[in-house]
Structures are given as C-alpha cells and as structure tokens.
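Below: the structure, in structure tokens.
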Amino acid sequence: MSGARPLALGAAAVLGGCAQGAREDAVIRFAVARPPRNLDPRLATDATSERVNRLLYRTLVRLDAAARPVPGLARWERLGATRYRFRLGEQGRLFSDGSRLTAHDVVATLESIRAPGSRSPHRAALAGIAALRACDDDTLELALHAPDAALPSRLVLAVLPAAAIARDHPFVTAPIGSGPLRLVERPDPDALLLERCADGQRIALVTVRDPSVRVMKLLRGEVDLLQGDLPPELVDHLARAPGIAVRAVPGANLSYLGFNLEDPRTGSLAVRRAIAQAIDRPLLIRTLLGGRARLAESILPPEHWAGRGDLAPWPHDPGRAQALLAGAGFGPGNPLHLTLKTSSDPFRLRLAGALQAQLAAAGIALAVQGHDWGTFFGDVKAGRFTLYALTWVGVRSPDIFRYALHSESLPPGGANRGRYRNASVDRLIVTAARAPSLAAARAPYAALQAIVHAELALVPLWYEDQVAAQRATIRGYRPAGDGNYDGLAQVVRVPVAAKEE
Amino acid sequence: MGALLGRLGEAAASLLGVCTLVFLLIHLVPGDPVAAMLGEGARAVDQAELRAALGLDRPLWTQYLDYLGGLARLDLGVSLHSGRAVTALLAERAGPTLELAVAALALAVVVALPLGVLAALHQGGWIDRVAMGFSMLGAAIPNFWLGPLLILVCSLWLGWTPVSGRDGPLSLLLPALTLGTGLAAVLARMVRSSLLEVLGEDYVRTARAKGAGPARVLWRHALRNAWLPVLTLLGLQFGALLGGAVITETVFAWPGLGSLVVESIQARDYPLVQGAVLVIALAYLVVNTLTDLLYLALDPRIRSR
C-alpha cells in the first residue's frame, strides 16, 4: 500500500460531496471513550461531538497548525477597519442532502447562532458582528461594531443549510453537512455509523468507556483504531502488542495547576514559586506519562502563532522552595498546609499523589480531595479551592487570555478561575485584541505571557501527547495535536495480503 | 380489591412525592443550566436571554406546575447537552437495560434456586458447603473485577464471546453473568435459609406424617411458602437492575440507563437527571407494587387481612 491512496482520498474528500455510492469495503471501527452527544455544531459542547462535527460539516474558516486562520469554505478580504467580505470557493459546496451550499446558508447559520435566546456557546464569539448579508450565492459581507483583526478565526464555524434551519431540522441527531463524512445511522445510542463521501468507506464510531476494555477490543480486532483517553501503562502494553501500531504526536492540551489567588497562602508569589520549584515535572512526565508529554510554560504551545517558546522553565529545586517558604513565614514549626482539588479520574488522583509527595519534600503538607467531575468543576468555578489540577482542552485562540486571565473574566462571566488580577495584563489583552493584524497582536500577547509566567498565575505542567493505536491493517491515520479525528477522512484498511508485501 | 386499590394509591402518592423531591433537589443543588449550555465565556446578556427563553427566570412554583403539566403529557423536557427530548433519550436506553436486567435476573434464578434448595436439603453436608462457598465467593467478587476477568478469559483467551457492546445474543452473556453472579449468590443464601425455616414448620411435619413424599413436601408445601421472602428480594433487586447497572454497563459498553445517568450527573444535565431519576423511581414502584400483588396471589393470609 503506497501513501498515494490516503492522499487521493483526502483530495477527493476536499473536492467532493456526499453524492457518491457506497463501496463494499468492510467497516473501520474507531473506539472512543465518550459518545458524541450533539451533532448540531452550533450547540455541541463536548469534545467528542466537536471532533465528529468537524467531519460532518465544513467550516467557513479553518485554523492551520499554528492556529492561524486559513480559508475553509471561503476566502476573505478586509474592506475596511470594520468590514469583511467572504467569497465561497468551489470546494465542499455539496450538502449531504444533495443541495448546494451558498452564502445564504452561511448567513442563516450565523444568524441562528446570534438569535436572541440562542443556546449556542458560540454566540459570544459573534457578538462583534453588527450586520451580515449575502450579496449573492457566493459572497457575503460582515460589518463589525469595532475593528477586529481576529474575526476570521472566530468564524471557524460549521455551515448548515438555511432551508433546514428554517424548518427547525433536528441536526442534533440528523446532521446535514458538507463535510468529508456523512451520518448513515445510529446503530445504538452510543454508536454512529459514518460514510466517507469520497469512496463510500464506512466508519463506525463505537463508545467504550472503560480504557482496559477498549484496549482488549483493539487486541481482539473488534475495533481497528482508538485514540486518546488511555492511561500510559495501557499505551505501553499496546506498544508491545504484536499487530498493533502506536503513534504519538505532540499535543496542545495544557495540564496545569491552578491557584486561588484570593487565598492568602496561594496569593503569595513566594508560595507559588515555592510550589512551582518543588514540582519535578520531568520526573512526572517520565514516570506518570511514560515520557509522552512535553514541558509547558504557557497556556498556548510554542508552535501557536501567539505562543512563546522562550520562557525559561521554573527549575526543580526543593532547597530553593524551602527557602522561599521560610521567607514567607512557613517552616518546620509552621508548615504550609494546602488542599488540592481534583477529579476522581484515576490518573488525576495518581498525579495528585505524586504532587503530594514532591511538595512534602519541600515542606508543604498537601491534602488531596478527589470529587466527581461535576462537583469538582463546580467548586473550581465557584472559587471553592486553594489549588486544583485541570487541563485546558482544544485551546486554539489567544482569546483564551481574556477568557482565563482578564480581571473582568471572573466566573460566571469568564474562566478566570484563580481570580487573577493584573492591570498590565488586562491592558495587554485589550491592546492585542485591538491590534490591526495578527502580526501586530503578537508582541502584546508575548509580553502578557511573560508576566503571567513570572507571576505564576498558574503552574503550567505539560502538553500531553495525542496517542492513537491501530491494527496493522489500518493505514493513513495520523492523530492530531488537538485530538481531532480528521484522520478518519483518510484512513484506509489494507488487505492482509497487501500488508504482508 | 380494596388491598389492590390501596396499594396502587400508595404507589401513586409515592410517585408524586418522588417527582416533587427530585424537582426541588435539582433546583437546590449548585449549578446553572444556562451556564452549562453557553459555557463560561458567555455574556451576561446572552445568559439572561436564554434563561428567559427557557422559563428559568420565573418563580419556582410556576416552574413546578409546568413540570407537573409536562409529566402529565409525558414531556420530561430537553437535555441541556444533547438538545434531545429526555423521553427519547430514556426510551432508547430502556430496552437495553430491560434486556440486561431480565437476563441477569433469569440467570440468577436459574442458578440460585437449585443451589439454595440443594443446600437446604443437604444442610451441613458437602453440597451445602460447596453451594454456600460459591455463594460467598459470588457475593464477594466485585463486578468491576469480575467483568474484565470474564472478558479476558471468555473473549480474549477462548474467543467465545465479543469483548463488549450490544451486538447479538452472545454479547448479552458476559454482562448478564457479571451482573447475575452477585445476585445469584445472595438469592441462593436466601432460598436456603428460607427453605430451612419452612422445612422445620409444623405443617411440613404434618404433611410428612400424612405420607407425602419428599418431592411433594418440597414443591407443594415448603417451596411455596419459602418463596415469599425470596420474592421480596427479587423485586427489590429487579428494581435496582432496572435503574441501570453502572459498572457493568461501563465495562461492557452496554448502552443502558446506568451510564446515561452517570454521565448526565457529571455533566449537570438537570432535565436528564430529573427524568432518569423519575423513571428509575417509577421502575422501583411498579416492580414492588407487582411484587406486593404477587404476595396477595400467593399468600391467602394477606388477602384475608
């Protein structure tokens, strides 16, 4: 099997629609840990749904590997400070119901997100749009309330057919998109049967919540492919298993330790620095993650267009940590007692245990509280914590800085969960947002990341690799750094004979 | 007839109590469904508009009356995360759950009944010791361990069954076995102790004295009475199984109610939690009401009270 076939399929998927007939290829089974809950891309909030929806629909704009906006369905030009024109190309213009995607569909989709009472989590991203209209079938224009160089990156939104929106079509269960795959059926509540438009290859998305069982299904051949949500020991086991190929790529999801900065203890910079220097991150990556992660110094990874790769890590130095604690008034006679909240996920608890031991070596007594996800996340949002461990998943936009660090973004109006307040950072966030171009926004973003890194508003731990495991008969699947399933648009099953050649 | 009507009335009152309690609990626990839908980055104005659109800005008692009205129309609302009707989500899970519950219960009864009877008839002998040893082991093994062990042996090593999923009758075997083992163990002990108690009763001695053979004594006189406490246990266990067996469903990727309930609780999907709790409570009430009615049929003393 050469690499030409996946490439050809990819090209066909880009150019084609879902009008071609199905082939007799056997179904490729892809195991996921959680089922997609919502196939309406305007409403979906869970990661699995978002990843599946990327395959069922096409977006107006896409983000490249550095998260820069690049044309998706449309190219754009800036007509003035507050005016954009988008022109649809010829690629991906066929909806799975056979109708042609036009600028009217784009307008209807955006208007349905912007509508008063809309349930869409994307509504806030479109708040800057003052008006939009379809000039003709291929062109639409947007007017903004204020200049916004980042507008195109806010339009990574799937396009739905206007007629179906108007008749209140249940996209939640019956998606109509122009993506490389279409939904054939839901064989059971936790499974999807998809069909690739380019060649009719059928792909079943099977939910198997238990990671050990997911691995056993792969070993037995009941599934062909799985990605993510595997503890490192199972990845190691798969890597040694005959007939299974494991592939890891650098990930972009940041695991971090969050502080409550309104707590007098963790509000002290000396204490935060002591904690950061008491943690041996390389050791944790080696032992807990099997080496499948890279150190992180900021929320955005270095390869992001607004990221920084030059921030010096806080070195592991328990002696320095003890000295910092002593300076803050803590020591053997008055040990620092802290509580770390985390979810009850086994890996998270294991990480908490390791952190507990490392902080103990620096004289910090860390109590660990594991809660079910809902309670834990509710406590974090409500500020009922001193320390917590979490992961930012799917962060592609530098808007994350406003969302997570601006002093006006305290929950429930944002995700500044640590209650971080810094006037300079606030100013830089606003400056970057008002920059006339992405290039001009880089400097303020770089400056604010340096401040946040120095002040340790949070302790970035690592970006965990994305790992996929597949049977030897499966080719053409490459995991993505953000964990998306885009590789399903190219994946193929090779005949056993071909595999042996 | 009076007893029957009384029992049905109690069940209806219990159901109304459950509905009220669930509604109040859901509205008292921390968490905002609007924030869950729109995400942390939503603007206050968007949140307010959606809250108004969903009617969540109205007084609690108005929302309660709407909720009861919805229940009367079998409308349990819409899931916050999937946007689908709660009744549809519960309905598509009810079949697999019922299937698994019936299979596990049938398996448990088929194993436990002869085991308990044999143990009672051979009290103190090796059969009794083996049966009760099995029973103790079955009750002690947790499902999260038994399930993967069965998969390892039956699926990976022997290749007899699928690892997981709901794909044909064979795929039901391991989850039913996992779920049924613990139940069979408890049932076997209950059958044994209940039968031993009955076998010592005067009317059994009388039956023997009248010349009834061991089989007739067992089937006609002893088992019929020994069944009553077993029936109670079966009713309770079946009700619990209908609520969804979370661990077994998770291990075997069984698309039942249990995993849906856990996910909806974790996601704070309040309408779905509300609907699921209601359905589970209803299942308990129905099964236990049926159990009580069976009692009436089996035991003339209760009918005459």
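The sequence lines fix the lettering, A, B, ..., with proteins before strands; numbering per chain opens at 1.
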Could you tell me whether [X] and [Y] make a salt bridge, using a distance below 4.0 angstrom between a side-chain N and a carboxylate O?
X	Y	result
B:E92	B:R84	yes
A:R34	A:D190	no
A:D379	A:K341	yes

Using a cut-off of under 4.5 Å on heavy-atom pairs, state which of [options] scores highest against chain A.
options	result
B:D46, B:V34, B:L54	B:D46
B:A44, B:P162, B:G165	B:P162
B:A53, B:S82, B:A253	B:S82

Would you mind checking which part of [X] comes under 4.5 Å of any heavy atom in chain B, side chain (CB onward), backbone (N, CA, C, O), both or neither?
X	value
A:A44	neither
A:T45	side chain
A:S118	backbone
A:R214	neither
A:F376	neither
A:P36	neither

Best-contacting candidate, [options], against chain B by heavy atom pairs under 4.5 angstrom:
options	answer
A:S49, A:G378, A:A125, A:A127	A:A127
A:R119, A:R417, A:H122, A:R402	A:R119
A:L39, A:D40, A:T173	A:T173
A:A124, A:P116, A:P189, A:S409	A:P189

- Query: Under 3.5 Å, is there a donor-acceptor pair between the side chain of A:E185 and the main chain of A:L193?
  - Reply: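 Looks like no, no N/O pair under 3.5 Å.
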- Please answer whether the main-chain N or O of B:R58 pairs with a side-chain N or O of B:Q63 as donor and acceptor at a distance below 3.5 Å.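 Judged by distance alone, yes, a pair lies under 3.5 Å.
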Can you tell me if [X] has over 12 outside heavy atoms packed within less than 6.0 Å of its [atom1]?
X	atom1	value
A:E408	CD	no
A:D345	CG	yes
A:H237	NE2	no

- From A:S212 atom OG to A:L234 atom CG, the distance as rounded to the nearest 0.5 Å: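 Reported value, rounded in 0.5 Å steps: 5.0 Å.
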